[in-house]
Amino acid sequence: MNEHVSENMIENLVIVESPAKAKTIERFLGKAYTVKSSFGHIRDLAKKNLGIDIEEGFTPRYVVPVDKKKIVKELKELVRDSSMVWLATDEDREGEAIAWHLFEELGLEKEKTRRIVFHEITRDAIVNALESPRFIDTNLVNAQQARRVLDRLVGFELSPLLWKKVKPSLSAGRVQSVAVKLIVEKEREIQQFRPRNYFRVTGIFSTPGAGEAPARLKAELSKRFSSREEATAFLERCRNSRFSVENIETKPLKKSPAPPFTTSTLQQEASRKLGFSVNQTMSVAQRLYESGKITYMRTDSVNLSKLAIGSAAGKIRATYGEEYLKSRNFSTRTKGAQEAHEAIRPTYLDHATIEGNRAEQRLYELIWKRTIASQMSEARLEKTTITIAISGAPEKFAASGEVLLFDGFLKVYMESTDEEQEEESSGLLPPLKVNDPLQRESIEAAERSTQQPVRYTEASLVKKMEELGIGRPSTYAPTISTIQQREYVVKEDRKGSIREMMQILLKGEDITSSMVREKYGYEKGKLSPTDIGTVVNNFLEQHFQNIMDYNFTASVEKEFDEIAVGKLNWPSMIERFYQPFHSKVDTATRTSERSKGEKVLGKDPESGKPVSVKIGRFGPIAQIGEATDQEKPRFASLLKGQSLEHITLEEALDLFRLPRTIGHFEGEELVVGVGKYGPYVRHKSKFFSLAKSDDPYTIQEERAIEIIMDKRAREENRNIKQFEEEPGLQILNGRYGPYITFQKKNYRIPRGKKPEELTLEECREIIKKADAKKSSK
DNA sequence: CAGTGAGCGAGCTTCCGCTTGACTT
C-alpha cells in the first residue's frame with residue numbers, strides 16, 4: 001500500500017457502458033464509489049488482414065481503435081488509483097465481453113476486480129448486485145468472440161468477392177444481406193402478383209318501425225361474386241325477396257394492452273403514429289435518455305422493474321380509479337432476446353408530459369401512454385352479429401357491431417397495425433329480435449381488387465428482422481441506413497394510379513350500374529430494391545445459400561448458446577463453419593463470371609448493333625455495340641428511376657440522345673445532359689441543374705435561359721455584406737439562412753440580429769465567442 | 001462536381017455490436 005499513496009485514492013471504481021447510466025448510478029451510490037463509463041466496446045478486431053490468425057486456431061487480434069484511445073488512457077489512470085474495480089457492464093454476451101476486454105486492456109488484477117450485473121437501474125437492484133459479485137464468465141466471453149469472428153469472416157470474405165464480381169466498395173454480411181433479401185423477395189412477390197377482381201355486396205336495411213323512427217342497418221353478404229354477371233343475377237333475385245332477422249349472436253370480447261416498448265416496437269409505433277424514420281426515433285429517444293426522462297432505449301426486454309410497476313399503479317389509481325388498474329409483467333418471446341435492460345419506459349411515471357421540443361414531447365407521450373396502458377385493465381366489449389336471411393336465396397347478410405362495455409386501457413392507448421383496415425365494423429346495432437322483418441333499402445355490389453403484397457417500411461422491416469432473430473436493438477437503425485447507403489435499396493413514395501371500378505346498385509325496383517374512379521397503389525416511404533441490390537442478392541443466393549437462409553442466424557445462435565454454457569469449443573465451431581464457407585468463396589472467385597445482370601434489349605435501328613444494359617463500374621449503364629479489337633461500344637448511364645429489369649429498348653436508345661445542344665445564349669452553346677447529380681444544362685462550362693419538372697429530352701432554349709438567369713439571381717443574392725478591411729470575412733445567404741464565413745469556417749448569426757446591419761466588430765465578436773465555446777468542449 | 005466503362009497496377013473499400021460525440025450555419 002505504501003508504494004503508491006495518492007491524495008486522490010478511489011475506494012471503488014465502477015465501470016458501466018453508458019455515461020448517462022454512470023451518472024444515475026453515481027447518485028445512488030455514496031462517496032465511496034466513482035462511476036465511469038467505457039462508451040461501449042473498447043477493443044475490436046484489427047482491420048488489417050482480417051484481424052484473425054486463421055492458422056493459429058482463429059486467434060483474434062484485438063486493438064484499441066483510435067477513437068477509444070483517450071477513454072482507455074483515462075480509465076487506466078483511474079484504475080491505478082483505485083482499491084477495487086467493479087465491472088458493471090450489461091449481463092449479456094456483449095456486456096460480458098466488454099468486461100473481459102476492460103480486464104485485459106486495463107491490466108486489472110483478479111483480486112482487485114469484481115464483476116456485477118443488474119437489469120434495472122434502481123437503488124435496490126444496484127445494492128443487491130454489489131452484495132453478490134462474481135467473476136468474468138469466460139464461456140460467455142467465448143460465445144461473443146465466436147459471434148464476432150464469424151461476422152468478420154463472413155463480412156470480410158464476401159465483400160471483396162463482390163468488389164471483384166460486381167462493383168467496388170460493396171458490402172455483404174450476415175445481417176445486412178438478409179435484410180436486402182427480404183426486400184428483393186417482396187418485390188418478386190409483387191411482380192408475380194396478379195390482381196383478381198371480385199364483387200363485394202353490402203345492403204342497407206331498415207326496421208319497419210311503427211311509430212318510432214326506423215333504424216338503419218348496414219350488412220355485408222357472406223358471399224363474394226367473381227363476375228359482373230353473377231353479381232347482377234344476385235341483385236335480380238333480391239329485387240322481390242323478403243328479408244328477416246335469422247339469428248342474433250352476442251359474444252363478450254376482451255382486449256388486452258400491448259406490452260411496454262422495446263426498441264423494435266418503439267420504432268414501429270413511432271413510424272405508424274408519428275411518421276418517424278427509425279433513425280429519427282432513435283436520436284430523439286437518445287436525447288430523452290440522456291436527459292434522464294426515459295430508461296435505456298436499446299433493449300429487447302418487455303420487463304418493468306417492481307418500482308415502475310408500483311408507480312404506474314399509483315398513477316393509474318389516482319387518475320382513472322381502481323377499476324382501471326391491472327398490474328402485470330410481460331415475458332419476452334422474441335428470438336434470441338438477451339434482456340440486459342428493462343423495457344423502454346418513462347423514468348418517472350407520474351410525469352405524463354415533459355419539456356422539450358415537439359418531437360421529444362410526442363415520443364415521450366407515446367412511451368408514457370404505452371407503459372401506463374400496459375398496467376391497465378382489459379377493455380371489455382360485446383360483439384353482436386346479426387344474420388339476415390333472404391327469401392328464395394341461400395346467401396345470408398351479416399351485420400356486426402361492437403359495443404364498448406368498459407374501456408379499460410383503451411382510455412389511454414391503442415396500438416396501431418400495418419394493415420389498412422378494410423371497413424371498420426359499426427358501433428351500436430338497432431334493437432332487433434329473431435324473425436323481425438327488415439325493409440330492404442338498397443343493395444350494392446361494388447367491384448374490388450385483391451391487394452398486392454405490401455412493401456416494407458423501415459419499421460416493418462425491423463419487425464421482420466426481429467422475428468427472424470436477425471440484428472440487435474443497437475443495430476436495427478444502422479443496418480437500415482447501411483443498405484440504403486450502399487444503394488441496395490431505396491426508400492420511395494409512389495403516387496399511385498386511378499382505376500375504374502364498377503358499382504351495381506339495386507334501389508327500389510331499379511338496377512343501375514356505374515363506373516367509379518378509385519385511387520390505388522399509393523405508398524409512402526416504402527423500401528424497394530435497386531438493380532445493384534438485386535444483382536448482389538442473386539449472386540449471394542447462388543453461391544452462399546446457407547448464409548442467405550433466413551434460419552442461418554438462428555442456427556449459429558444455437559451454437560453460440562452452447563459455447564456460452566461451456567458445451568462447445570468456439571474455435572472448433574468456427575472451423576466447422578469456415579472450411580466449407582471459405583472453399584465456396586474460393587470457387588466463386590475462380591469460376592463465376594462477373595455478375596453484371598447483363599441483358600440484351602434489341603438492336604439499334606441506326607447501326608444495327610445490339611443494345612444491352614448491365615451494371616458497370618459506376619452503376620447501371622446501357623451500351624450499343626460490343627467491345628472488340630476494332631471498336632469501342634457507346635455507353636450511357638441509366639437515369640434515376642430506371643432499372644435493368646424494366647427499361648425498354650426505346651428508353652435505352654433515348655439515353656444516347658444526350659448530351660444535346662438545344663440553342664445558344666450570349667454567343668455560347670446550351671448543352672443539356674445528365675450527370676452524376678441529375679439533368680443539367682451547360683453554358684460557358686458552367687453547370688445549371690434542371691428542375692424536377694424539366695425533361696432533358698424536350699427542354700427548349702427559352703426555359704434553359706430562364707434557369708441560368710434564376711441561378712445568377714440567387715448567387716447575386718448570396719452576398720449580404722463584405723468588409724473592405726477583412727475581405728475573407730463575408731456575410732452570406734445559405735441554405736439555412738444568413739451566416740458568417742471566415743477562414744473556411746461558418747458561424748451562426750445570433751437571434752435578434754439583422755445580418756445586413758452587423759458591423760465588422762460584431763462579426764469578430766461572434767467568431768471569437770463561437771471558437772471559444774468550441775475549444776472549451 | 002456534371003466524365004467515366006480498354007487494360008495495367010497501386011491503394012482503397014468491407015462485417016456486427018457496444019457506445020456517444022462530431023457535425024450540425
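Worth knowing before you read on, the calculation uses all heavy atoms, side chains too, and leaves out hydrogens, waters and symmetry mates.
- Closest heavy-atom contact between A:Asn546 and A:Phe552: O-CB, 3.2 Å.
- A:Glu557 has its CD atom 14 Å from the P atom of B:dC16, to the nearest Å.
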Considering only nitrogen or oxygen atoms on both sides, find all protein atoms under 3.5 Å from nucleotides 13-15 of chain B and state each distance.
unit_1 : atom_1 : unit_2   : atom_2 : d
B:dT13 : O2     : A:Ser169 : N      : 2.6
B:dT13 : O2     : A:Ser169 : OG     : 3.2
B:dC15 : OP1    : A:Ser171 : OG     : 3.2
B:dC15 : OP1    : A:Gln176 : NE2    : 2.7
B:dC15 : OP1    : A:Arg486 : NH2    : 3.3
B:dC15 : O2     : A:Arg148 : NH1    : 3.1
B:dC15 : O2     : A:Arg152 : NE     : 3.2
B:dC15 : N3     : A:Arg148 : NH2    : 3.0
B:dC15 : N3     : A:Arg152 : NE     : 3.2
B:dC15 : N3     : A:Arg152 : NH2    : 3.2
B:dC15 : N4     : A:Arg152 : NH2    : 3.3

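- Put simply, the residue from A:Val149, A:Val154, A:Val556 that forms a side-chain contact (heavy atoms from CB on, under 4.5 Å) with A:Phe577 is A:Val154.
- At a threshold of 4.0 angstrom between heavy atoms, the contacts of A:Gly673 with the nucleic acid are absent.
- Following rounding to the nearest Å, A:Leu690 (CG) and B:dA2 (P) show an atom-to-atom distance of 16 Å.
- Ring centroids of A:Tyr296 and A:Tyr289 are separated by less than 6.0 Å, placing the two rings close together.
- Separating the CG atom of A:Leu50 from the C1' atom of B:dC16 is a distance of 15 Å, rounded to the nearest angstrom.
- Each of B:dG17, B:dG5, B:dT19 was ranked by its minimum atom distance to the side chain of A:Pro19; first place goes to B:dT19.
- For A:Phe539 and A:Phe544, the ring centers sit 6.0 Å or farther from each other.
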*Check step by step if salt bridge (Lys or Arg N to Asp or Glu O under 4.0 Å) holds for A:Asp604 and A:Arg634.*
CA-CA 11 Å; A:Asp604 173 26; A:Arg634 293 172 66 199; 5.3 Å; no
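- For A:Arg634 and B:dA6, the CZ to P distance is 15 Å, given to the nearest whole Å.
- Among the nucleotides B:dC18, B:dA2, B:dG3, the one closest to the side chain of A:Tyr296 is B:dC18.
- Near DNA chain B, meaning a heavy atom under 4.0 Å from it, residues 63-75 of chain A has no residue at all.
- Using a 4.0 Å cut-off, some side-chain N or O of A:Gln286 falls inside it from OP1 or OP2 of B:dT20.
- Rounded to the nearest Å, the gap between the P atom of B:dG11 and that of B:dC15 is 23 Å.
- Side-chain contact, A:Glu342 with A:His119: no donor N or O sits under 3.5 Å from an acceptor N or O.
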